[in-house]
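Notes follow once the structure below has been shown.
Per chain, numbering begins at 1; letters A, B, ... match sequence-line order.
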Amino acid sequence: MEMNDKMPKKPLNKQFFQQPTLELAKSLLGCLLVNETEEGLSAGYIVETEAYIGPHDRAAHSYGNRRTKRTEIMYGQAGLVYTYSMHTHCLINVVSAGIDEPEAVLIRALEPVTGIGLMKKRRPVDQMKNLTNGPGKLTKAMGITMEDYGRTFYERPLYISDGYSPTEIEQGTRIGIQNSGEARDYPWRFWVKGNPYVSR
DNA sequence: TGAACGATAGTCT
DNA sequence: GACTATCGTTCAC
């Protein structure tokens, strides 16, 4: 039965997140992001990520070890959930690296897998691909909010589990950070080649 | 206390 | 491709 293929899996181990940020950004591609809410379960494969490497990255909120209420979570352990609001949207990051190393990976796009009806209810769209092909879009479709700030990606209700292994990964410059000097050109964006849900 | 600033999305050209 | 709605965070005064 179809449901069996789409049964929720176990969250990944905490140890999974303890790899260098750029490695983690690549490793996350193909993994399943799951959110269990009162409305139901929704999940999607991660198909696009961006790395933000704290102290030396002018595009990162934690550039120069800037420590504020908002960025505080980035100084914590790998695998924590860092959400923040941008205009009217909420964006979600995976905290990486060690304690006091403020690095993170932004989840930019998902390929819907489970709870697609629920996602469409949360975020009505004309075409399937517009459901989760952007960082602000996927959070709305998945029901992710600022309430999730400080949670972990290795425990319910919001977690990451095994998915599939992408056959080919592409790498390029990040999006939307053109006022960040030399950091603008860092090739720290990763995506699954050819996947229709990649933001651009 | 206030003003400037976006890791965006949607609309229009 | 350009323009902007819109609001929490950050920092200056």
Check DNA chain C against residues 171-194 of chain A and give the residues with a non-hydrogen atom under 4.0 Å, in numerical order.
-> none

Check ion pair K26(A)-E23(A) (N to O, under 4.0 angstrom) | yes

Pairing of E50(A) and R174(A) as salt bridge, 4.0 angstrom limit = no

Leading and trailing nucleotides of DNA chain B with any atom under 4.0 Å from heavy atoms of chain A | dG6(B) to dG10(B)

Produce a footprint string for nucleotides 5-13 of chain C: one letter per nucleotide, 5' end first; B if the base is under 4.0 Å from any protein heavy atom, S if only the sugar-phosphate is, - if neither.
-> BBSSSSS--

With a 3.5 Å distance limit and no angle check, can you tell me whether [X] reaches the backbone of [Y] through a side-chain donor-acceptor pair?
{"X": "Q171(A)", "Y": "P187(A)", "value": "yes"}
{"X": "S161(A)", "Y": "P11(A)", "value": "no"}
{"X": "S62(A)", "Y": "T71(A)", "value": "no"}
{"X": "N195(A)", "Y": "Y197(A)", "value": "yes"}
{"X": "Y159(A)", "Y": "L32(A)", "value": "no"}

All stems with DNA chain B, defined as three or more consecutive Watson-Crick or G-U pairs under 3.5 Å | B:1-6 with C:7-12, B:8-12 with C:1-5

Of all residues at least two apart in sequence or in a different chain, which pass the salt bridge (Lys or Arg N to Asp or Glu O under 4.0 Å) check with D162(A)?
-> none

Residues I177(A) and A59(A): closest non-hydrogen pair is CD1-CB, 3.7 Å

Identify every side-chain donor-acceptor pair in residues 119-131 of chain A under 3.5 Å, counting partners at least two apart or on other chains, and give the distances.
{"from": "R122(A)", "atom 1": "NE", "to": "E39(A)", "atom 2": "OE1", "distance (Å)": "3.0"}
{"from": "R122(A)", "atom 1": "NH1", "to": "S42(A)", "atom 2": "OG", "distance (Å)": "3.3"}
{"from": "R122(A)", "atom 1": "NH1", "to": "A141(A)", "atom 2": "O", "distance (Å)": "2.9"}
{"from": "R122(A)", "atom 1": "NH1", "to": "M142(A)", "atom 2": "O", "distance (Å)": "3.3"}
{"from": "R122(A)", "atom 1": "NH2", "to": "T37(A)", "atom 2": "OG1", "distance (Å)": "3.1"}
{"from": "R122(A)", "atom 1": "NH2", "to": "E39(A)", "atom 2": "OE1", "distance (Å)": "3.3"}
{"from": "R123(A)", "atom 1": "NE", "to": "N130(A)", "atom 2": "O", "distance (Å)": "3.3"}
{"from": "R123(A)", "atom 1": "NE", "to": "L131(A)", "atom 2": "O", "distance (Å)": "3.2"}
{"from": "R123(A)", "atom 1": "NH2", "to": "N130(A)", "atom 2": "O", "distance (Å)": "2.9"}
{"from": "D126(A)", "atom 1": "OD1", "to": "N130(A)", "atom 2": "ND2", "distance (Å)": "3.3"}

Determine whether the side chains of Y82(A) and H61(A) contain a donor N or O and an acceptor N or O closer than 3.5 Å.
-> yes

In terms of the angle between their ring planes, are F17(A) and Y154(A) parallel, tilted or perpendicular, with boundaries placed at 30° and 60°?
-> tilted

